[in-house]
Structure formats: structure tokens, C-alpha cells
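These notes are about the structure you will find just below.
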Amino acid sequence: MVYLQGVRITCFQNNKATIGSNFLFHITTEFSVQNKPYFLVDTKWYNLRNSFVNDLKISAIHILKSYKAPEHILYIPWDKQITSREGDYNLEYDGIENYIVIDTIVIDGLELCDILFYDDTTIYLIHVKYGFSSKMRELNNQIIIAARRLKEIVGTEDKSILMKIYDQLVEKGRNTNNLSQIDFVNLFEKRIVFVLAFTSHLNNDLLVEENIDKFDSNIAKFSLVQCSSELRSNYFDLLTFQIRRE
């Protein structure tokens with residue numbers, strides 16, 4: 001255990017170390033012992049009282065119903081039998097007007113979003129994950145890190161990271177809607193909204209907000225509530241979107 005507490009993960013990009021973090025920070029799990037739910041996130045164990053579990057359900061339902069992204073924002077269904085990988089689903093929006101696929105483009109440790117959508121007034125930075133399960137913890141962390149970095153960027157005159165993202169889009173042959181580098185950077189002068197997008201992972205494509213009891217991951221509910229609270233308090237608005245499977 002002492003050894004594991006000292007183990008760190010280092011990420012590399014272009015053969016250069018970019019990010020280091022504690023190994024145990026990446027371990028997430030949840031289970032029940034004698035009908036009592038427990039979960040582990042961010043190296044902390046939680047023993048959940050029934051009242052806390054009920055509060056999580058109520059808060060999660062409130063967020064899902066009250067802070068919805070526009071219905072048209074992710075209109076392509078995600079059938080896992082046809083499109084098995086998250087990256088392949090994201091790329092289905094490449095080439096569609098007002099969409100820019102930024103998935104897998106990482107600049108200085110920042111992956112801004114999976115899919116960017118914009119209209120006349122707002123830019124939506126969409127982070128996508130299949131399933132409303134413990135994987136939501138990963139989505140939560142991605143959004144918070146991206147929001148924190150983006151707030152730093154928009155608060156300064158140095159927009160070099162956004163410029164590098166644009167250059168990578170061009171290099172990878174991604175659609176940029178005929179925007180120039182400056183046009184792309186200027187998109188971030190619009191209202192900025194982050195979107196947490198997910199699917200149902202159950203056999204039936206049930207809406208989470210209407211069937212919360214059928215989704216038994218307390219980590220998913222906890223992550224949703226925590227992400228919504230932290231983003232709204234410190235960074236940008238956060239909306240949610242459930243991608244339909246058919």
C-alpha cells in the first residue's frame with residue numbers, strides 16, 4: 001500500500017512528459033456490503049447513508065430536468081452495435097455546419113471538448129461518454145479540467161493554445177466550417193457553455209431523468225451533482241444532454 005501511494009502516472013505527448021498524477025487518484029469503484037452502499041472516488045471512501053442516496057437522486061433529477069442543452073444539439077443516434085467507439089461517434093459530426101470535432105486534439109495537456117457546436121450567440125463545448133455509470137467520473141474530471149484551463153485562457157490576451165488547437169484541426173483534416181484561425185479564436189467571445197452528454201447503457205434506451213432508480217451507479221449521480229455545482233460556481237454554465245440510441 002505504501003508503494004502504491006507513491007506511484008505516479010506520467011502522460012507523454014510527442015515524447016515529452018506533460019502531466020503527472022497519483023495512480024490511486026484514477027481508481028474508482030462502488031459496491032454494496034450488507035445492503036450498505038460504498039464508493040471510492042479521488043482516493044476517498046464514502047459510506048452512503050440512505051438519506052444521502054435519496055438526496056443524490058433528487059439533485060441529479062433536478063439537474064437533468066432543469067439544465068438541458070437544446071434538443072437539436074446532438075441529433076445523431078448512437079447505436080453501439082453500429083458505432084462501437086466514442087471517437088467514431090464524435091466524428092459523425094465532422095463536416096456538418098456549425099460543428100467542429102476536437103476529440104483527441106490535446107494541446108499543452110488540454111483536451112477542450114469532444115465536439116464543439118456554435119450558433120449566433122453561444123459556443124457549446126460538448127464532452128461525450130457512453131453510459132450513465134461510474135464512467136461519468138472520468139467525464140466529470142475532463143469537464144472541470146477543461147473549464148478551469150479555458151477560464152484562464154479567455155481571461156488573458158494570450159490565445160496561443162486556441163490557435164494551436166485550430167492548427168491541429170487543419171493538420172488532421174477536420175472540418176473548420178471555413179473559419180480562419182482568428183475566426184476560430186473569436187468564437188470564444190460568445191457565451192461559453194459546457195455540455196455533459198451521455199447515453200443510457202441499459203438494454204432499453206430509458207431516459208435517466210425519468211428512470212433514475214434503474215441506474216444504480218451512485219458515482220454517476222455524485223459526479224453529475226459535483227460537476228454541475230463546481231462549474232456553475234467557478235467557471236461556466238453546464239448543461240446536460242442524453243444522446244438517444246435509436
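Starting from 1, each residue takes its place in the sequence as its number. All values below were derived from every heavy atom in this structure, side-chain atoms included, with hydrogens, water molecules and symmetry-related copies excluded.
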Has the side chain of Asp79 got a donor or acceptor atom that lies under 3.5 Å from a matching backbone atom of Gln81? yes
Is a side-chain N or O of Asp114 found less than 3.5 angstrom from the main chain of His127, in a donor-acceptor match? no
Does the side chain of Leu116 come within less than 4.5 Å of Leu187's, by heavy atoms? yes
Test side chain to side chain contact (heavy atoms under 4.5 Å, CB included) applied to Lys159 and Gln181, step by step: CA-CA 11 Å; Lys159 300 297 188 293; Gln181 186 187 73; over 6 Å; no
For Glu92, is there any backbone N or O sitting under 3.5 Å from a side-chain donor or acceptor partner on Tyr99? no
Donor-acceptor pair, Arg245 side chain versus Ser200 backbone, under 3.5 Å? yes
Gap separating the CD atom of Glu138 from the CD1 atom of Ile219, nearest 0.5 angstrom: 12.5 Å
Between Phe215 and His201, what is the ring plane arrangement, given parallel below 30°, perpendicular above 60°, and tilted in between? perpendicular
Output yes when a side-chain donor or acceptor of Glu111 lies under 3.5 Å from a complementary backbone atom of Thr104, and no otherwise. yes
Atom NZ of Lys80: over 12 foreign heavy atoms under 6.0 Å: yes
Could you check whether any side-chain heavy atom of Asn204 comes within less than 4.5 Å of a side-chain heavy atom of Asn211, counting everything from C-beta outward? no
Donor-acceptor pair, side chain of Thr240 and main chain of Lys68, under 3.5 angstrom: no
In the structure I gave you, are the side-chain heavy atoms of Asp119 and Tyr124 within less than 4.5 Å of one another anywhere? yes
Residue among Ile102, Ile100, Asp94 satisfying side-chain contact (heavy atoms from CB on, under 4.5 Å) with Arg174: Asp94
Closest heavy-atom contact between Ile96 and Tyr75? CD1-OH, 3.2 Å
Please round to the nearest 0.5 Å and tell me the distance separating atom CG of Leu162 and atom CZ of Phe184. 6.0 Å
Under 3.5 Å, is there a donor-acceptor pair linking the side chains of Ser160 and Asp158? yes
Are side-chain heavy atoms of Leu206 and Phe132 found at a separation under 4.5 Å? no
Side chain to side chain contact (heavy atoms under 4.5 Å, CB included) between Val128 and Tyr93, worked out: CA-CA 12 Å; Val128 175; Tyr93 289 90; over 6 Å; no
Residue pair Gln226 / Arg137, side-chain heavy-atom distance below 4.5 Å: yes
If I compare all heavy atoms of Phe241 with all of Pro70, which pair ends up nearest, and what's the gap? CE1-O, 3.3 Å
Considering all heavy atoms, the nearest Glu209-Leu64 contact: OE1-O, 3.6 Å
If you count the non-hydrogen atoms of other residues, nucleotides and ligands that lie under 6.0 Å from NZ in Lys135, is the total more than 12? no
Using 30° and 60° as the class limits, which term best fits the ring planes of His62 and Tyr67: parallel, tilted or perpendicular? perpendicular
Considering only heavy atoms from C-beta outward, does the side chain of Asn90 approach that of Glu86 to under 4.5 Å? yes
State whether the side chain of Lys129 and the backbone N or O of Asn140 hold a donor-acceptor pair below 3.5 Å, judged by distance alone. no
Main chain of Ser180, side chain of Asp183: is a donor-acceptor contact present, judged purely on distance under 3.5 Å? yes
Could you give the distance from NZ (Lys221) to CG (Asp216), rounded to the nearest 0.5 Å? 6.5 Å
Derivation and outcome, side chain to side chain contact (heavy atoms under 4.5 Å, CB included), residues Tyr89 and Leu74: CA-CA 11 Å; Tyr89 175 77; Leu74 291 176; 4.1 Å; yes
Value rounded to 0.5 Å, distance of CD1 in Ile58 from CD1 in Ile212: 11.0 Å
Test item: Met163 and Val185 side chains (from C-beta on) under 4.5 Å apart, heavy atoms: yes
For the CG atom of Leu238 and the CG atom of Leu125, what is their distance to the nearest 0.5 Å? 11.0 Å
In the structure I gave you, are the side-chain heavy atoms of Phe198 and Leu224 within less than 4.5 Å of one another anywhere? no
Would Ile105 and Glu171 count as a side chain to side chain contact (heavy atoms under 4.5 Å, CB included) here? Give the steps. CA-CA 11 Å; Ile105 293 178; Glu171 186 176 321; over 6 Å; no
Where the side chain of Asp237 meets the backbone of Val193, is there a donor-acceptor pair that is under 3.5 Å apart? no
Expected output: side-chain Tyr166 to main-chain Leu179 donor-acceptor under 3.5 Å: yes
